[in-house]
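Just so you know, these numbers use all the heavy atoms, side chains as well, and skip hydrogens, waters and symmetry mates. Residue numbers start from 1 in every chain, and the chains themselves are labelled A, B, ... in the order their sequence lines are given, proteins ahead of strands.
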Amino acid sequence: MSKEITSRADDYSQWYNDLIIKGGLADYSAVRGCMVIKPYGYAIWENMRDELDRMFKETGHENAYFPLFVPKSLFETEEKNAEGFAKECAIVTHYRLKTDPDNKGKLIVDPEAKLEEELVIRPTSEAIIWNTYKGWIQSYRDLPLLINQWANVVRWEMRTRLFLRTTEFLWQEGHTAHATQQEAIDETVQMLNVYATFAENFMAMPVIKGVKSANERFAGAEDTYCIEAMMQDGKALQAGTSHFLGQNFAKAFDVKFADKDNRLDYVWATSWGVSTRLIGALVMAHSDDQGLILPPKLAPIQVVIVPIFKGEEQKLLIDEKVKSLQKQLKAAGIKVKYDDKDNNRPGWKFAEYEMKGVPVRIAIGARDITNNVVEVARRDTKEKMSMGFEGLAENIIKLLSDIQAAIYSKAKVFRDEHITNADSWDEFIQLLDGKTGFIAAHWDGTSETEDKIKELTKATIRCIPLNNKPEEGKCILSGKPSTQRALFARAY
RNA sequence: CGGGAUGUAGCGUAGCCCGGUUAUCGCGCCUGGUUUGGGACCAGGAGGUCGCAAGUUCGAAUCUUGCCAUCCCGACCA
């Protein structure tokens, strides 16, 4: 009982932290607000990254890498963007330390080594990238420019949470340039769809595609599209964003191109990103009080095999059987681990791999070998079944795919049950404090009303869903006319 | 950054109010043995700047001050 997990009902935040720490995904570090991503957590990120990277390349994008540092003068070029991020930037002011003459063995910043111009550690890379694009784009023949970068960024947040909001985090950021407005908008929507597909098909996490209100829009964007997911406590988590930047950055960085008729115009831009925050989303979307539940498509280990034996003789017999079993599973493309360490007994391993969210466990003992079967247990439902060796790989593949579908549908049922219409202010308040989840309500479309609602309830507009049906109504706060519902929720 | 709580071995903890020998217990770890179908047992062993730094004192885990970290509630969070 060394690794008790706080139950969701007792303390949801603590439950989340326990899963991350005890599941071996990450550790706190010596740096405030920064975490160490441990091998098991990083393996999930690698799986996400590999799949997203494949999807980006399939849609015509290439990877590149830009500097971590952004000269302050470049950073401030696009005013709104700079303003939006200014209060959470880390800044490099010096480039050298020296030994402290008054304190042996200690170092101090060398006052002689002050930089002429401060360097901002990127909170996002628009500035450095658009400064670079200026030199890359002259003609319509250079467009579209479709580039993605895998990188780390730093945002000096006041309050951090493992994976959900850390000072430094890993992400990808796509930055594209286009000849026409329509093409850029199409790109923005395309990448939103890529994110939604990834979230639903790989993370098994249903999302709502929508567009942000002006208040929640990315600093420097004309429109921010997003995917919003619902966590098990009913709160919303923004899982990915795709921005239509209009010509804002092109104008700020003077990026013009000549069209076929040799007319000069500014290019149209997009940017889009997802981060290691997705791991937090994954954890909160599916897991239970016994530990993580990982979707098979992203699980670092899809199947763990646990031997159960009495004595060396049985162990050798099982090893032999498992060797061929492993070969069979690996050949079928299944990520399988054989845990034959003898310092823990089977029961301990069962609990451990449940904590780590391994989708399928195979237990094999002498009596199974006699009967020519294995015991197969699925993590999501805890259901146990017996399977023969014949065609086992096919059956496991089928099972993994069933689990993937089952956890998606479980999350979707929960999500759908927690989206409720509110037609009055009282109803709105009651839902927020009682049932929780997303609330679809009429809103008059003004920032003032949105601010007021946030002030009164802490709920914000998560998005205006793209598939919204037009509907006549009255704003729940101001009573002014409205043509559609916005989705409100308290958010991470 | 404001309010609250916490910090003792890898983890969880007792001791703190009321200062006084080698800082308690469990898990984990190491060695040997017995075990192994849901978190094994026996024996022996290792492991500690009591979050950090000052101060008070003959003497500090214990008292005082400052700082740091984590959690909760705010503020903040494209």
* Worked verdict on A:Glu126 versus A:Ser271 for side chain to side chain donor-acceptor pair (under 3.5 Å) -> CA-CA 8 Å; A:Glu126 273 79 4; A:Ser271 69; 2.8 Å; yes
* To do: Given side chain to side chain donor-acceptor pair (under 3.5 Å), test A:Thr270 with A:Thr176 step by step and report yes or no.
  => CA-CA 5 Å; A:Thr270 81; A:Thr176 69; 2.5 Å; yes
* Audit row: A:His61, A:Glu187, side chain to side chain donor-acceptor pair (under 3.5 Å) steps and yes/no -> CA-CA 11 Å; A:His61 304 85; A:Glu187 166 78 4; 2.6 Å; yes
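If A:Gly84 and A:Asn344 are placed on RNA chain B by their nearest nucleotide, the residue sitting closer to the 5' end is A:Asn344. Nucleotides of RNA chain B nearest to A:Met158 and A:Ser13 differ in position, and the one nearer the 5' end is that of A:Ser13.
As judged by a 4.0 angstrom heavy-atom cut-off over every strand, A:Lys341 is placed among residues making no nucleic acid contact. A:Asn81 comes within 4.0 angstrom of no nucleic acid atom, judged by non-hydrogen atoms across all strands. Using a 4.0 Å heavy-atom distance criterion, A:Phe85 is classed as a base contact. Counting any heavy atom pair closer than 4.0 Å across all strands shown, A:Ala491 reaches no nucleic acid atom. Among the atoms of the strands shown, none is found under 4.0 Å from any heavy atom of A:Gly273.
The residues A:Lys251 and A:Glu78 are annotated as not salt-bridged, no charged nitrogen and carboxylate oxygen being separated by less than 4.0 angstrom. Ion pairing of A:Glu450 with A:Lys454 is absent here, as no side-chain N (NZ or NE/NH1/NH2) approaches a carboxylate O to less than 4.0 Å. The existence of a salt bridge linking A:Arg8 and A:Asp18 is excluded, since no basic side-chain nitrogen approaches an acidic carboxylate oxygen closer than 4.0 Å.
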* Under a cut-off of 3.5 Å for both distances of each Watson-Crick or G-U pair, what dot-bracket string does RNA chain B give, using [ ] for crossing pairs and | for inter-strand pairs? -> (((((((..(((.......[....))).((((((.....)))))).....(((((..]....))))))))))))....
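Nucleotides B:U24 and B:G51 are separated by 16 Å at their P atoms, to the nearest Å.
When distances run from any side-chain atom of A:Gln14 to the nucleotides B:G38, B:U36, B:C71, the shortest one goes to B:C71.
Residues A:Ser125 and A:Gln149 have side chains that bring a donor and an acceptor to within less than 3.5 angstrom of each other.
Proximity of A:Arg161 to the phosphate of B:C71: no side-chain N or O atom is located under 4.0 Å from OP1 or OP2. Phosphate proximity of B:C76 to A:Arg159: absent, as no side-chain N or O sits under 4.0 Å from OP1 or OP2. For B:G39, the OP1/OP2 oxygens have no side-chain nitrogen or oxygen of A:Tyr353 closer than 4.0 Å. Close to B:G37, at under 4.0 Å from its OP1 or OP2, lies no side-chain N or O of A:Lys349.
Residue-to-nucleotide contacts include no donor-acceptor pair under 3.5 Å from the side chain of A:Lys458 to the base of B:G74. Between the side chain of A:Glu354 and the base of B:G38, a donor-acceptor pair under 3.5 Å is found.
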